[in-house]
Amino acid sequence: MTTHPATPPPSDVLTLPDNELATATLALVADAESIEVANHSVRSYLFARLLAEHQQAVAGRDYQPQLLFVACVLHDVGLSALGDRRQRFEIDGADVAAEFLTARGLPTADVDAVWDAIALHTSPGIAERRSVLCELVRRGVGVDIGLDAAFVTEADAARIHAAHPRREMTRSLVDTIVAQAHARPEKAPPYSLAWTFLRERGTAPHVTALEAAAAASRWGR
């Protein structure tokens, strides 16, 4: 009689990869980033994975799970002291991630894929055209801000937020982006996200559109 292997059960919503690269990635953000940004980055991965399941994207065919993890968790490393260089935070972060992954022996194609996903995570309409990985990272980040989050169940959302609390995440992100841009104006070229935040924070009521959208969203802040 022919037998077929049982279909493995779906992973728990809070499951993170358990390998050397994942451990090093989490250690990097824990050491370099604020708790608000680090938690946001991990939640973005968990939401991106749920989004992949919702869209029926097939791991290993449509995207590589390991690359989704590292791209999401490192997507805001440009907002850390380690990543605060002289370019837009998205580009600085992509460069730091690429250096980190190259030092750990990842193939050039994988490093380039992660670079694209991080560099484009604030570029609507471009990320979605580049790859499934870029789309999942960008939209996973958006879900954590409360955008297009209807597919996430209340139970899953509650467990994710309990494990990785929000802690006024949106305000913290904007504060850091604005502070970097004030210190180094070259990090806020015209019409970039940092440039937009500078203008919005400099005009009454001194609240960015992102902060207002997040406050009105499902997550509340």
Side-chain angles (χ1 to χ4, degrees), residues 7-19 21-22 25-26 29 33 36-79 90 93-94 97 101 110 112-167 169-170 173 193 209-210 213-221:
T7 300
S11 61
D12 182 88
V13 68
L14 296 179
T15 299
L16 300 176
D18 182 17
N19 56 52
L21 178 61
T25 302
L26 290 170
V29 299
E33 298 177 352
E36 292 87 356
V37 175
N39 281 359
H40 159 64
S41 299
V42 174
R43 288 194 310 269
S44 295
Y45 164 70
L46 297 174
F47 285 132
R49 192 176 64 199
L50 288 176
L51 176 64
E53 294 173 1
H54 176 70
Q55 293 185 326
Q56 298 182 326
V58 177
R61 183 193 71 187
D62 300 321
Y63 70 96
Q64 295 301 321
Q66 175 171 260
L67 302 188
L68 180 63
F69 176 79
V70 296
C72 284
V73 174
L74 296 176
H75 84 270
D76 273 340
V77 73
L79 298 180
E90 303 96 315
L101 297 175
D110 289 353
D112 287 348
V114 172
W115 192 98
D116 282 354
I118 294 175
L120 295 174
H121 82 268
T122 64
S123 298
I126 300 176
E128 293 82 357
R129 292 286 297 272
R130 290 298 299 150
S131 67
V132 173
L133 175 65
C134 287
E135 178 182 5
L136 289 174
V137 172
R138 172 169 163 70
R139 291 189 60 194
V141 171
V143 170
D144 193 52
I145 296 170
L147 306 176
D148 300 321
F151 70 92
V152 181
T153 67
E154 290 293 340
D156 283 347
R159 293 190 67 206
I160 289 171
H161 286 125
H164 308 283
R166 301 191 71 79
R167 297 174 177 264
M169 173 272 299
T170 310
L173 284 174
L193 187 65
L210 183 69
S217 76
R218 181 177 173 187
W219 315 139
R221 62 187 186 278

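Numbering starts at 1 and runs along the sequence shown.
S123 and A119 get closest at one heavy-atom pair: OG-O, 4.4 Å. Contact detail for A52 and Y63: the closest heavy-atom pair is CB-OH, 3.7 Å. Minimum heavy-atom separation, W219 to D144: CD1-O, 3.3 Å. Taking all atoms of both residues into account, the shortest heavy-atom contact from A48 to C72 is CB-SG, 3.9 Å. Between A94 and I118, the closest heavy-atom pair is N-CG2, 3.6 Å. Contact between V114 and A97 at its shortest, heavy atoms only, is CG1-CB, 4.5 Å.
Applying the salt bridge (charged side-chain N to carboxylate O under 4.0 Å, His left out) definition to pairs two or more places apart or across chains, those involving residues 112-127 are D116-R130.
Summarising the geometry, atom CG belonging to L101 is positioned 6.5 Å from atom CG belonging to L74; distances are rounded to the nearest 0.5 Å. The line from CD of Q64 to CG of L133 is 9.0 Å long, rounded to the nearest 0.5 Å. Here C134 contributes atom SG and L67 contributes atom CG; the two are 10.5 Å apart, rounded to the nearest 0.5 Å. In this structure, L136 CG and S44 OG are separated by 12.0 Å, a value rounded to the nearest 0.5 Å. A distance of 4.5 Å separates CG of L210 from CD1 of I145, quoted to the nearest 0.5 Å. Note that CE of M169 is 7.5 Å distant from NE2 of H161, once rounded to the nearest 0.5 Å.
Formation of a donor-acceptor pair under 3.5 Å by the R138 side chain with backbone atoms of G125 is not found in this model. Side-chain atoms of R49 come within 3.5 Å of backbone atoms of T15 as a donor-acceptor pair (strictly under, hydrogens ignored). Judged by distance alone, the side chain of R218 and the main-chain N or O of A149 form a donor-acceptor pair under 3.5 Å.
Here the side chains of V13 and L50 are in contact, with some heavy-atom distance below 4.5 Å. Counting heavy atoms from C-beta on, the side chains of L120 and E90 never come closer than 4.5 Å. Taking 4.5 Å as the limit, some side-chain heavy atom of H121 sits within range of a side-chain heavy atom of D76. Looking at D12 and R159, their side chains come closer than 4.5 Å, going by heavy atoms from C-beta outward.
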* Asked: Please walk me through it: do L21 and V70 pass side-chain contact (heavy atoms from CB on, under 4.5 Å)?
  -> CA-CA 8 Å; L21 178 61; V70 296; 3.9 Å; yes
* Asked: After noting the C-alpha distance and the side-chain angles of R166 and N39, does the key distance pass the side-chain contact (heavy atoms from CB on, under 4.5 Å) rule?
  -> CA-CA 7 Å; R166 301 191 71 79; N39 281 359; over 6 Å; no
* Asked: Does the pair V73 and L26 meet the rule for a side-chain contact (heavy atoms from CB on, under 4.5 Å), with working shown?
  -> CA-CA 7 Å; V73 174; L26 290 170; 4.2 Å; yes
* What do the steps show when you test N19 against Q66 for side-chain contact (heavy atoms from CB on, under 4.5 Å), and what is the final call? -> CA-CA 10 Å; N19 56 52; Q66 175 171 260; 4.2 Å; yes
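With sequence neighbours excluded, no residue satisfies salt bridge (Lys or Arg N to Asp or Glu O under 4.0 Å) with R167.
The aromatic rings of Y45 and F69 stand perpendicular to each other, their planes meeting at an angle above 60°, with 30° marking the opposite boundary. Taking the six-membered ring for Trp and thresholds of 30 and 60 degrees, H40 and H75 have ring planes more than 60 degrees apart, a perpendicular arrangement.
Shown are L16, L14, I160; of these, the side-chain contact (heavy atoms from CB on, under 4.5 Å) with V42 is made only by L16.
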